[in-house]
Participant: 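My questions will all concern the structure given below.
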Amino acid sequence: MANEELAGLFYEIADLLDLEGVPFRPEAYRRAARALEQEPEDLEMLRKQGRLKDVKGLGEALTKKVEEYLESGKVSYLEKLRTQHPAGVLDLLRLEGVGPKTAGRLMVEFGVQSVEDLKKAIMEGRLRDQKGFGEKRIAALLEAAQGAGLAHLRLPLPKAQLIADGLIADLQKRCAHLQRISYAGSLRRRRETVGDLDIVTSSARPSELIEAFTSHPSVKTVRLKGDTKSTVVLDSGLQVDLRVVPNENYGAALQYFTGSKDHNVRLRSMALQKGFSINEYGISRNGQLTPISEEEGIYGALGLPLIPPELREDRGEVDAALAKSLPPRPSLGSLRGEIHIHLNPSAGVEMLAKWIEALANKGFAYGGFVFPGTDRSFPAVPSISKGVRILRGAEVPSPWVTVGEIDWKEREYALLLPPPRGAYDEKALGDALHELSRRGRPAILAHLETRAPSETPPPFELLAKLGGALEVGITSEGVTLESTLVRKAVSLHVPLSVSSRPERTEDLGRLGLALDFAVRGWAKESDLFRLEGTPAPLVRAA
DNA sequence: GCCGTTTTCGGCCCGACTGTTTTCAGTCG
């Protein structure tokens, strides 16, 4: 889609304007860029419908630039800016510790136009004894310049979650005085990838906590270490920010550091209109701070219900909260089972028993085991064991023509696999959905992670019309579908099949994360697909 | 350049940390 590409161009304009020292406009371009990245609708479509201005952050001038881009594939304003600045200076801005002021000075006073130039200038000692460039700063600049070009690591959601859980458990174990602790930031908002980990804690002894944090065995380097906050880089390359506040301020801090930036800006401007202000400690009115210990306190002061972290992106959630029309959050209990378990038929009955045990321990009503559609070698299984109904699904590859060859007396549902690349054959998909519906077998379009994110999105309208569900899963590697597409599916009433995509029984624990991710797409309980109500399994007890 | 349930003009978050500063500027989140 053009959306991300154009967002990239807007970010570049913002950086160049920053270099020129222009106030406010860079942020306006960045706000618009963030909105474009999160816009599920294709820009071309929005333009045709005259809805471009509905995108938050697009006013008159930026709408014109979007239209120019859609017509010509370029933004002439950016082209003009590019001619006024050497191509390499944008790389300088991306260095740790280099902002617009420093980049500008390097350019004007030292003729530095690229990261290479900067290295040379430092080696030749040209920065030494210059105002503002002490020994430490020069060393930091050199280190940043030498590490330049390494792409900033963004971890997939499930991997970031594992690291956060481990770190938090360790800190709890090592710090008896620790009161409350939570991950915040984009991990708590359940973004599909996490650039750095934010952890918010409360403790009466912050310095001991900071000490425990910076000396944790998985810490590679300590970037920053103050009285109440610290930044480290882990061996895995992930950056982690820790913030310690007094217990009475915990709610305000958690809200503040969960973000998103745009969501918080929106809340703060609402607060100003109501005559108070919000910061990471609480609410202040006439210079008098009232500490806020629970997040609800921040939202309550604005007359809002608590907005789920997954929705805090300034994508309409504040207006929905004001209108009391936030989607009610589905409970984990509303997921009655896991239907995407791959069981190797040769693994035998013991493995199946292990799965059933795990499903029963989770309180699930059913478990669905998936085999290739025409495979007939699966073990004979009881229909119910330990209170868990056992269902068998058939995996059907695109273009789904084998639907007619499968013995549906032995299969309760179908997982339809997408074509590995290119457009969906809607005729073939429609035929398969009709055929399955005729046989009373639910169908789920699944394994979307096998397609590149840049490929055509699934035909949501067709799925909605014919009652096909869509898998929203989290594998050990990442999410199976971008959240903008999940939101689009929800808006078109496509049922979502939430899955932890387990490879081992422990992975069933990922189901909560998968549900959170569906919530990020504004899913409510009625959007969730379940296998309840399907015919009883036809398998005879073994 | 955007935005408005006090506004079509005048705002636009602000606190922590670092380095080099003798009182603060720049960067970051």
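In what follows, chains are A, B, ... by sequence order, proteins preceding strands, each numbered from 1.
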Participant: Using atom C1' of each nucleotide, how far apart are B:dT22 and B:dC13 to the nearest Å?
Facilitator: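 The same atom, C1', in both gives a distance of 29 Å.
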Participant: Separation of A:R268 atom CZ from B:dG29 atom C1', in whole Å?
Facilitator: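 One finds 11 Å between C1' of B:dG29 and CZ of A:R268, rounded.
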Participant: Testing A:R205, A:H216, A:K225 one by one against A:E211 for a side-chain hydrogen bond (donor to acceptor under 3.5 Å, both in side chains), which residue passes?
Facilitator: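 Answer to the side-chain hydrogen bond (donor to acceptor under 3.5 Å, both in side chains) test with A:E211 among A:R205, A:H216, A:K225: A:K225.
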Participant: B:dG11 and B:dC17: how far apart are their C1' atoms, nearest whole angstrom?
Facilitator: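 28 Å, rounded to whole Å.
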Participant: B:dG29, B:dG15, B:dC2: which one has an atom nearest the side-chain heavy atoms of A:D241?
Facilitator: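 Looking only at side-chain atoms, A:D241 lies closest to B:dG29.
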Participant: Which listed nucleotide (B:dT27, B:dC13, B:dT18) is nearest to the side chain of A:P100?
Facilitator: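 Selected nucleotide: B:dT27.
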Participant: Of the nucleotides B:dC17, B:dG1, B:dC28, which one has an atom closest to the side chain of A:E96?
Facilitator: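 Minimum distance to the A:E96 side chain belongs to B:dC28.
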Participant: Between A:R268 and A:Q273, does a side-chain hydrogen bond (donor to acceptor under 3.5 Å, both in side chains) hold up when you go through it step by step?
Facilitator: CA-CA 9 Å; A:R268 284 192 295 265; A:Q273 278 166 16; over 6 Å; no
Participant: By nearest heavy atom, map A:R25 and A:R243 onto DNA chain B; which one lands nearer the 5' end?
Facilitator: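 So the residue in question is A:R25.
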Participant: If you only use heavy atoms from C-beta on, which nucleotide in B:dG15, B:dT6, B:dC13 is closest to the side chain of A:Y256?
Facilitator: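 Looking only at heavy atoms from C-beta outward on A:Y256, the closest nucleotide is B:dC13.
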Participant: Give the nucleotide from the list B:dG15, B:dG1, B:dT20 with an atom nearest to the side chain of A:K136.
Facilitator: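 Nearest listed nucleotide: B:dT20.
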Participant: Using the C1' atom as the reference point in each nucleotide, state the distance between B:dA25 and B:dT20 in Å, no decimals.
Facilitator: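 Here B:dA25 and B:dT20 have their C1' atoms 10 Å from each other.
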Participant: Which nucleotide in the list B:dT18, B:dG29, B:dC2 gets nearest to the side chain of A:D196?
Facilitator: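 Taking heavy atoms from C-beta onward, the closest nucleotide is B:dG29.
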Participant: Does A:S334 offer a backbone N or O that forms a donor-acceptor pair with the side chain of A:S331 under 3.5 Å?
Facilitator: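 Present.
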Participant: Which one, B:dC2, B:dG26, B:dA16, comes nearest to the side chain of A:A61?
Facilitator: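 Looking only at heavy atoms from C-beta outward on A:A61, the closest nucleotide is B:dC2.
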Participant: Could you give the distance separating B:dT21 and B:dG15 at their P atoms, to the nearest angstrom?
Facilitator: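 Their P atoms lie roughly 26 Å apart.
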Participant: Test salt bridge (Lys or Arg N to Asp or Glu O under 4.0 Å) on A:R188 and A:E295 and set out the steps.
Facilitator: CA-CA 13 Å; A:R188 186 157 180 256; A:E295 273 193 318; 2.9 Å; yes
Participant: Just how far, in rounded Å, is P of B:dC13 from CG of A:L289?
Facilitator: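 Spelled out: CG on A:L289 to P on B:dC13 is 19 Å.
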Participant: Output yes when at least one side-chain N/O atom of A:Y281 is less than 4.0 Å from OP1 or OP2 of B:dA16, else no.
Facilitator: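 Looking at the OP1 and OP2 atoms of B:dA16, one of them is under 4.0 Å from a side-chain N or O of A:Y281.
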Participant: For the side chain of A:K101, starting at C-beta, report the closest nucleotide among B:dG26, B:dC17, B:dC2.
Facilitator: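 The listed nucleotide nearest to A:K101's side chain is B:dG26.
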Participant: If we require ring centres under 5.5 Å and near-parallel planes under 30°, does A:F24 stack on B:dC2?
Facilitator: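 No; centroid distance or tilt outside limits.
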Participant: Rounding to the closest angstrom, what is the interatomic distance between B:dG1 and B:dT6 at atom P?
Facilitator: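 The same atom, P, in both gives a distance of 28 Å.
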Participant: Between atom CD1 in A:I13 and atom P in B:dC2, what is the gap in whole Å?
Facilitator: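 Whole-Å distance recorded here is 11 Å.
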